[in-house]
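This report concerns only the one structure given below.
Heavy-atom basis, side chains included; hydrogens, waters and symmetry copies ignored. Note that the coordinates shown come from a computational prediction; the quantities given were computed from them, not determined experimentally.
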Amino acid sequence: MANSVIKVDQSLMSEMNKYYLKQTADKTPPGAVFSAKTANCTITAYKSGKVLFQGSGAEQEAAKWGKEEKKDIKAKKPVNSIYAPPPNISSLSVIGSDEVGTGDFFGPMTVVSAYVKKEQIPLLQELGVKDSKNLTDPQIVRIAKDIIKIIPYSLLILHNEKYNELQAKGMSQGKMKGLLHNQAIQLLSQKIAPEKPDAILIDQFAEPGVYFNYLKGKKFTTENTYFSTKAESVHIAVAAASIIARYSFVKEFEKLSLNAGTTLPKGAGAKVDQVAAEIINKKGISYLHTITKKHFANTEKAMRLAGK
């Protein structure tokens, strides 16, 4: 059975409780605030703030409310797992792959694969390359402009309209990420050929078996391919990929803000709902769908705020 777990605050949990009110189960498990069941998913919210989604529609239902918690998968895997990075990976020449924008209501999903040769590691460290989550947007822009001149990379942008089209056809966000990561890696591998990296490292968002299952019918490689949570700290190539992906995301966000006529907030919080409601009143719900991931819960909340 598929399952996803997200962490929410009390305000959002209260909102979820109201949302699933008509589907609430009579009994709740110990420690749970509420339990509900949709056609293809069981939702259980716990006092700790964690919400468990179980069933075939788990990933899709969870994506309405927030980003799935990344589990410490390395701790659960045996040390000799064929997909666990080797101990010396930080000193190797590596293709690193990461994505940005999956938890943001506004804006696209950006995926980047970047190749860093072992000889370039000290230079990238000198330029300030590290986990993009620890950098401000101005720092991201400055560092990205430096490193895109130095290392080969492949960038893919999944714009909102295409994202919504795929989601409406039943494709999960996880599968979208899997296909984009693989495509970016394949394009970069062609770009650096005949040179081959010592390893490929993907910031883990799914179990390796699930990831490769997403790629059925596509060209992909399992040779020297590894997965790790918090991969930005495992090899600088993933940190570089994350920075370039964030840089692209920021540029796309600026374009969308200009077109919308207002500064769009990142994330999926209350400020996002308010701005989305203002856009609905000014430009209509159809326009909002062109710049958002419309299956997120923010859509319904914005419509209520807009009085629609």
Side-chain angles (χ1 to χ4, degrees), residues 3-55 57-72 100-109 132-134 136-137 160 163-164 167 172-174 205 246 249 253 256-257 260 262-282 285 288-289 291-308:
N3 67 81
S4 293
V5 178
I6 63 172
K7 185 76 182 286
V8 302
D9 58 24
Q10 289 304 310
S11 175
L12 184 53
M13 184 171 290
S14 177
E15 184 74 27
M16 293 176 73
N17 200 348
K18 292 177 184 177
Y19 181 84
Y20 293 113
L21 190 59
K22 293 182 179 179
Q23 298 157 305
T24 301
D26 294 332
K27 295 183 179 180
T28 57
V33 177
F34 73 86
S35 182
K37 188 173 180 62
T38 66
N40 56 6
C41 182
T42 299
I43 304 98
T44 308
Y46 292 92
K47 294 175 183 177
S48 64
K50 290 189 176 182
V51 184
L52 172 64
F53 298 81
Q54 296 173 293
E59 191 171 3
Q60 184 173 337
E61 196 70 23
K64 292 180 180 179
W65 301 99
K67 192 169 183 179
E68 183 176 3
E69 278 196 335
K70 289 190 174 182
K71 308 171 186 66
D72 189 1
V100 170
T102 58
D104 293 90
F105 181 54
F106 290 108
M109 186 191 304
S132 68
K133 290 186 286 294
N134 297 324
T136 63
D137 283 352
N160 295 104
Y163 176 100
N164 291 331
Q167 194 277 332
S172 69
Q173 192 182 84
F205 57 89
R246 185 73 185 180
F249 180 78
F253 225 81
L256 292 179
S257 292
T262 187
T263 300
L264 301 176
K266 297 182 179 68
K271 179 62 176 176
V272 168
D273 301 334
Q274 185 60 51
V275 172
E278 292 169 6
I279 291 173
I280 291 173
N281 286 327
K282 289 179 181 177
I285 187 66
L288 183 72
H289 290 337
I291 61 173
T292 63
K293 301 174 184 69
K294 70 178 185 179
H295 67 105
F296 277 30
N298 302 86
T299 299
E300 291 186 22
K301 289 187 276 188
M303 289 180 70
R304 287 200 294 270
L305 288 172
K308 303 295 182 182

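- Using a 4.5 Å heavy-atom threshold, the side chains of P265 and F106 count as touching.
- Listed for the D104 side chain is a donor-acceptor partner under 3.5 Å among the backbone atoms of G267.
- When all heavy atoms of S35 and T28 are compared, the closest pair comes out as N-CG2, 3.7 Å.
- The two residues V33 and Y46 make their nearest non-hydrogen contact at CG2-C, 3.9 Å.
- A heavy-atom distance below 4.5 Å is not found between the side chains of T102 and F205.
- At least one side-chain heavy atom of S14 sits less than 4.5 Å from a side-chain heavy atom of K18.
- Using a 4.5 Å heavy-atom cutoff, the side chains of Y20 and E61 are in contact.
- Of all the heavy atoms in F53 and M16, the pair that sits closest is CZ-CE, 3.8 Å.
- The main-chain N or O of G101 is found under 3.5 Å from a side-chain atom of K293 such that the two form a donor-acceptor pair.
- Taking the side chain as every heavy atom from C-beta outward, R246 and D137 approach each other to under 4.5 Å.
- Residues N160 and L256 are in side-chain contact: their nearest non-hydrogen atoms beyond the backbone lie under 4.5 Å apart.
- You'll find the side chain of K294 stays beyond 4.5 Å of the side chain of L288, heavy atoms only.
- Residue I279 is tested with L264, I285, T292 for a side chain to side chain contact (heavy atoms under 4.5 Å, CB included); the sole match is L264.
- With values rounded to the nearest 0.5 angstrom, T299 atom OG1 is found 11.0 Å from R304 atom CZ.
- A heavy-atom distance below 4.5 Å is not found between the side chains of W65 and I43.
- Nearest heavy-atom pair, H289 versus N164, reported as atom, atom and distance to 0.1 Å: O-ND2, 2.8 Å.
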